Amino acid sequence: SIQTPKMPLELNHAIKFKLSKYSTNPPKFFEISEDEFLSVFNRNELAKDIIKLYSPQIDEIEYEKDVKYKDIAPIKVLDPEGGIQYYKGGFNSHGQCHGKGIWVKDLDIYIGNFRNDEFYGTGLFMNERGYYYFGQWKDSQCNGYGSLMMNQKLVYQGNFKNSKKEGYGEERYPDGDIYKGAFYDGQKNGKGQYIFADGSRYDGNFRNSKYSGFGQLSLTRGDVIRGDFRDGKLNGEGDISWNDGTKFVGLFVDDKKNGEGIFVWNNGKSYKGIWNDNDVYGTGTLKDPYRGTNRRSEERRVGKECRS
């Protein structure tokens, strides 16, 4: 049977961060003590480990040239749309979060650069579902190159556009499967390589995270499946080579032999004819290098031998 790739892992978070851009009911700001801020920050138990892991890169985050980062007291923000946010960092002349800072809401934490109340530039984000993202931001969304972790394990490294995987990336799954290749709109789209945990491998084209277009699936037992795929299955011209030397070349519909094809045994014998849902249909030509060529209608015997 043809192995199928898993659907992509999604970042699956929506960041709502607008401290000062409210047309009505602006948020209320309160200065709080450093201890109160740290108590909120430390609710995320894994935060310290993740921050320690990325601290060298976080320390390298450059300040905006026109902004002075002041060691001011952190603030508590009552969000009119629900929830409480905490922030410690720089502000611009309009009172917006700007420069380097730390933002906390519930168990979500962001450490990095801000611009006009948006996550912007390099930053580290952690959320309560165990996702951690370190990389480039624009308009409070992942934009550019970044690394996505889940429970301290790397699950994706590559390019993002508006918090969706886009461009080249490498995705890893808990069971050991790995995908390396092109993404578009968060899905596997374009050329890529999917490596299964057992060593089997698919090289070819994808569309919406399924095999689509020309590709080759190489199984660990030595079987090779090659041809045109659609919606994750062989559809059109293709060939299968088994590890015992037998081979089939012909037409497929939804992974089944359908239409004209030729089946070749490892002893040189071959049968050319029509298939219907993997079974021989009608008459065909059986070639035996030791007996010559015969027109045959013995579908039952030949069909049983030609079944994969």
Side-chain angles (χ1 to χ4, degrees), residues 2-15 17 46 49-51 53-58 60-61 108-113 118-218 220 229-233:
I2 295 178
Q3 298 193 56
T4 57
K6 297 173 182 60
M7 298 301 286
L9 300 167
E10 296 300 331
L11 189 56
N12 193 28
H13 73 75
I15 301 170
F17 176 73
L46 291 176
D49 293 334
I50 298 298
I51 290 168
L53 178 66
Y54 283 106
S55 59
Q57 294 156 291
I58 293 174
E60 291 174 5
I61 295 174
D108 294 352
I109 298 173
Y110 173 84
I111 302 173
N113 279 306
E118 303 277 7
F119 301 161
Y120 194 99
T122 305
L124 169 66
F125 177 83
M126 298 162 277
N127 73 9
E128 60 183 338
R129 289 173 290 279
Y131 277 101
Y132 306 90
Y133 171 82
F134 180 80
Q136 298 299 306
W137 295 82
K138 182 181 179 181
D139 299 330
S140 294
Q141 296 196 70
C142 307
N143 276 286
Y145 189 82
S147 300
L148 179 64
M149 299 178 67
M150 178 66 177
N151 295 329
Q152 295 183 283
K153 292 184 179 180
L154 181 69
V155 295
Y156 176 81
Q157 191 167 38
N159 291 288
F160 289 83
K161 184 177 181 180
N162 296 332
S163 292
K164 292 184 178 181
K165 295 179 283 289
E166 188 151 327
Y168 179 83
E170 296 185 11
E171 190 165 49
R172 299 173 182 269
Y173 294 85
D175 61 2
D177 289 2
I178 301 173
Y179 171 77
K180 302 177 180 180
F183 286 86
Y184 178 75
D185 197 31
Q187 302 281 332
K188 302 177 189 71
N189 279 288
K191 290 186 178 181
Q193 180 184 75
Y194 194 99
I195 304 170
F196 294 88
D198 67 357
S200 299
R201 188 181 76 216
Y202 172 84
D203 296 273
N205 289 286
F206 289 81
R207 184 178 182 183
N208 296 331
S209 296
K210 295 181 180 180
Y211 308 147
S212 188
F214 183 80
Q216 176 174 306
L217 183 64
S218 305
T220 51
F229 288 84
R230 186 176 69 245
D231 292 330
K233 297 180 179 180

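Any value given below was found using the heavy atoms of this structure, including those in side chains, with hydrogens, waters and symmetry copies removed. In this text the structure is predicted, and so the values were computed from the model without any measurement.
Of the inter-residue distances, the one linking Asn159 atom CG with Gln136 atom CD reads 10.5 Å to the nearest 0.5 angstrom. Note that the OG atom of Ser200 and the CD1 atom of Ile195 stand 11.0 Å from one another [nearest 0.5 Å]. Here the CZ-OH distance, from Arg201 to Tyr194, works out to 14.5 Å after rounding to the nearest 0.5 Å. Rounding to the nearest 0.5 Å places CZ of Phe214 at 10.5 Å from CG of Asp203. Note that NZ of Lys138 and CG of Asn162 are 8.5 Å apart. Values are rounded to the nearest 0.5 Å. Taken to the nearest 0.5 Å, the OH atom of Tyr202 stands 11.0 Å off from the OG atom of Ser218.
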Phe119/Tyr133 under ring pair (Phe, Tyr, Trp, His ring centres under 6.0 Å): CA gap, chis, key distance, verdict: CA-CA 12 Å; Phe119 301 161; Tyr133 171 82; over 10 Å; no

CA sep, side-chain torsions, deciding dist, call: Phe196, Asp177, side chain to side chain contact (heavy atoms under 4.5 Å, CB included): CA-CA 4 Å; Phe196 294 88; Asp177 289 2; 3.7 Å; yes

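The minimum heavy-atom distance between Asp185 and Glu166, with the atom names listed, is N-OE1, 3.3 Å. Contact detail for Arg172 and Ile178: the closest heavy-atom pair is NH1-CD1, 3.4 Å. The heavy-atom pair separating Ile111 from Met126 by the smallest distance is CD1-CE, 4.4 Å. In terms of heavy-atom proximity, Leu124 sits nearest to Trp137 at N-NE1, 4.4 Å. Smallest separation of non-hydrogen atoms from Tyr211 and Leu217: OH-CD1, 4.0 Å. When every heavy atom of Thr220 is checked against every heavy atom of Asp198, the shortest pair comes out as CG2-O, 2.7 Å.
The existence of a salt bridge linking Lys210 and Asp231 is excluded, since no basic side-chain nitrogen approaches an acidic carboxylate oxygen closer than 4.0 Å.
The environment of OH in Tyr184 is sparse: at most 12 heavy-atom neighbours from other residues, nucleotides or ligands sit within 6.0 Å.
If you run side chain to side chain contact (heavy atoms under 4.5 Å, CB included) between Glu171 and each of Gln157, Lys165, Lys180, only Lys165 comes through.
The distance between the ring centers of Tyr156 and Phe183 falls below 6.0 angstrom.
A cation-pi contact, defined as under 6.0 Å to the ring centre and within 45° of the axis, links Lys188 to Tyr179.
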